[in-house]
Protein chains: 2
Amino acid sequence: VTLRAKASAGRLDGKMREKTLTMDTLNPQVKAVEYAVRGPIVIKAGEIERYLEEGGTKPFSEVIKANIGDAHAMGQQPITFLRQVVALCTFPELMDSPSFPEDAKWRARRILQGCGGHSLGSYSASPGVECIRKDIAAYIEQRDEGVPSDWENIYLTTGASDGIMTILRLLVSGKDSSRTGVMIPIPQYPLYSAAISEMDAVQVNYYLDEDNCWALDINELHRAHQAAKQHCQPRVICIINPGNPTGQVQSKKCIEEVLHFAYEENLFVMSDEVYQDNVYAPDCQFHSFKKVLYEMGPEYFSSVELVSFHSTSKGYTGECGFRGGYMEVINMDPEVKAQLVKLLSVRLCPPLAGQAAMDVIVNPPQPEEHTFKQFHQEKSSVLGALAEKAKLTEQILNAVPGIKCNPVQGAMYAFPRIFIPPKAVEEAKALGMQPDMLYCLRLLEETGICVVPGSGFGQKDRTYHFRMTILPSIEKLNVLLGKVRDFHIRFLKEYSGLE
Amino acid sequence: VTLRAKASAGRLDGKMREKTLTMDTLNPQVKAVEYAVRGPIVIKAGEIERYLEEGGTKPFSEVIKANIGDAHAMGQQPITFLRQVVALCTFPELMDSPSFPEDAKWRARRILQGCGGHSLGSYSASPGVECIRKDIAAYIEQRDEGVPSDWENIYLTTGASDGIMTILRLLVSGKDSSRTGVMIPIPQYPLYSAAISEMDAVQVNYYLDEDNCWALDINELHRAHQAAKQHCQPRVICIINPGNPTGQVQSKKCIEEVLHFAYEENLFVMSDEVYQDNVYAPDCQFHSFKKVLYEMGPEYFSSVELVSFHSTSKGYTGECGFRGGYMEVINMDPEVKAQLVKLLSVRLCPPLAGQAAMDVIVNPPQPEEHTFKQFHQEKSSVLGALAEKAKLTEQILNAVPGIKCNPVQGAMYAFPRIFIPPKAVEEAKALGMQPDMLYCLRLLEETGICVVPGSGFGQKDRTYHFRMTILPSIEKLNVLLGKVRDFHIRFLKEYSGLE
């Protein structure tokens, strides 16, 4: 008799005690959380995968998961040097191996020197290993052309998500009309809306301008802020640059406007810059919020509270599984900082392998080092391919009638707008689902392609989108985009009554 | 001009805009969090360490951190086999190296087979890598002598702390008198009280019986539960077995009583079993809550909601930095389980290196494998030394007048009761601190030994304790205990006016 059968038996004979934790007693804030990137469509994709594995048949032979920015899962190879350093840290006996380069060995030795008992198995200080924090600060100074960075402002995190949740945890408080309002872009990466739900804060939407390459419009910030003040206290503004899911890269002028706005309205700025190395459009450049703040002068640079997030998961390394990341915290009240450290300490520390991986990203091989050539080749190859795929995706999608895709200037996603015929919209409504969910489910069922409906990220009413990653190999991406095109044309025909 | 000077200047000339996040606007639940294991005394210890490094002098040459269960930091060596497997997963080129054993290679290959793109750099499914979940279920079945374990009930976590926080997050809800009451042992591991504060739940204390080797007394559970029902809804009972900080190992009878109580009172059971491999007393044995529940019969086994937590950080591996762990979830409502998966998915997945380390712990070398001998030697050596240190600590402490230490039956800590003379209690009160905080600060200042005051874990009024780990090497532990003895005698003399 299986457990499940036993439990059912118990329930049937009426003797079962009631469960303590049910949908009725569950924390309602948990219930309110939504996370589309791993939501219903992805669960469905998993079911289809298992069905195929078990010999079932479909009009396709494999599911292509373009739902999540998971580079290695799509075949991207790890950066050799990064893995060498982490392997050396993990198994220091390899220091004696001639097949590991000295450049990697000295970095590993230095990291281990900073670890308790010289072991990756010790807890680090809660903000992270000191020498890694120093390397990160040095990296930021270099990136920002000399803008000072204090290593004591650097906190290692368990991926960027962990840092974002932690900072929001500090900021969110209040009840009723004094509840904390958190301004987020729409479309957004749904970690933000999920965190806001879980913490019972108020989500304050500012809409990106799709007609202007998803640019952030300062007038829209003012509108959203004014409206929100009626029912909550807007205290935070979150920016994702380069954008996820929207792929835009913000101009310096736009960043200045946002920072000025935050300064004027006393908003805490959370700047999600995990795609800072993922800029493809030749006319775009990554500007860090911190550097722009610095250039606005000491009045701004000494006062605006700003946290910037980075991660090992994106860029050219794509090391999602290591759960590495950091945040730089500027102008935080010193007493609050002590509270931040206390809060971090309850979770003890971020994973050490992730911290080591982060260290390689901020302290990569230099031109004078032996490992530079291979490292540089691997890095360029990943970023070059991504740039090519960004262009390819935009071009193929824009050639499809009823699809319009802004340029993928950066990050790892296309977020095309799709025309959904009124009949399909009605059908979806009758089924109690969003029209783009219907679209994506059909796409999955008919082609095996898994993308996420735009409704999971937020979008203007009566517009529909999906998010797809540009991570598959060029060959696979071509196939994928061809299938999307054919599907879309079929879908339009079917619901426009043209069949 | 440094950033700090700039900021101060700004503040002095009165032009500074106010900070958004201050102690006044900080989330009050964050403010309420306390976490003694990395609290003020540990911050002080860090300051003294830096002072010594910079050439300062003290009556001692080094700070000994006996405040936290951080085995490698205290010199414990990693288990070779575990590190080999993780290194192979990290840098699969090592599969070709003859210096790595086949036993490690096949495990690494199997883990990588379960990873997207066969890379540790991919996200795993949010509950963890499937084959690792299956290994864990098999391990539990073996540990519990055949009690069935379903791999779909296994969720990998980022250390046990993460799992505990996640489950509490599901359970905690309600306002005013319907607020969730969480029953925890006193003394407790302060993750529990910190989580309860952060989530604004109600901490319901049940006191362990110090006079009876810190046993859990069922009458005390009833008392605590009855009292709590007046002002909240007790919905969860947390048990730590073997005990942290108290080191007791629960008898089977006691576990039966707790489970019966949970059954009767409709409580969700959270069983923190991270020290399940750390049992030293010859007359003690680890009994899992799950196995005991099974033996109580199907009525119990099919109904009591139970989550058990385990970790890579303790046991004989001590791999804290890998942040590995798992939880087994029994009898959870299927709809709630889907909510759990959703909540986990927001954080994407636990670190893959930690998942791999967990896999080695549940799937260690078998007697027929070549690596068994070395593995077994290393494991026995760690556990043998811990048993010896547990005994040594108890003996030396009990020989000190004014200190009484229960046997360290398991886990990694002694939690001796210390007599603090009334004059010292008064002095502490005048300083606005707990008497055992005064004691521990003096101990740190005079001997360099860092232990955590009992008040950080909770204790009966007018009793005082400290927690120290038994992790230092035997040689160092002897020195440490000798210094504690000498300090305690001096302290008693000073405050009893006998000097």
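Both backbone and side-chain heavy atoms feed into the values below; hydrogens, waters and symmetry mates do not.
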Side chain, backbone, both or neither: which part of [X] has a heavy atom under 4.5 Å from chain A?
X	result
B:M165	side chain
B:A125	backbone
B:C115	neither
B:L82	neither

Please flag which part of [X] lies under 4.5 Å from any non-hydrogen atom of chain B: side chain, backbone, both or neither.
X	answer
A:Y192	neither
A:V172	backbone
A:S345	both

How about A:E34: does its CD atom have over 12 heavy atoms from other parts shown lying under 6.0 Å from it?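 Not buried by this count: 12 neighbours or fewer within 6.0 Å.
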Using a distance-only test with no angle check, is there a side-chain donor-acceptor pair under 3.5 angstrom linking B:R235 and A:T25?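 Result is yes, a qualifying pair exists.
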Quiz question: by atom type and distance under 3.5 Å, do the side chains of B:H72 and A:S119 form a donor-acceptor pair?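 Checked: B:H72/A:S119 side chains pair up, N/O donor to acceptor below 3.5 Å.
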Between CG on residue B:L26 and CG on residue A:L343, distance to nearest 0.5 Å: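 B:L26 atom CG to A:L343 atom CG measures 9.0 Å (nearest 0.5 Å).
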Distance in Å, A:C320 SG paired with B:L120 CG, rounded so as to fall on 0.5 Å steps: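 Spacing of SG (A:C320) from CG (B:L120) equals 11.5 Å.
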Answer yes or no: is there an ion pair linking B:E198 with A:R169, defined by an N-O contact shorter than 4.0 Å?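 Yes, charged N to carboxylate O under 4.0 Å.
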Check ring pair (Phe, Tyr, Trp, His ring centres under 6.0 Å) between A:Y123 and all other residues, then give those that pass, not counting sequence neighbours.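 A:Y123 satisfies ring pair (Phe, Tyr, Trp, His ring centres under 6.0 Å) with no other residue.
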Checking A:V42 now: which residues fulfil side-chain contact (heavy atoms from CB on, under 4.5 Å) with it, not counting sequence neighbours?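 Expected list: A:N67, A:C450.
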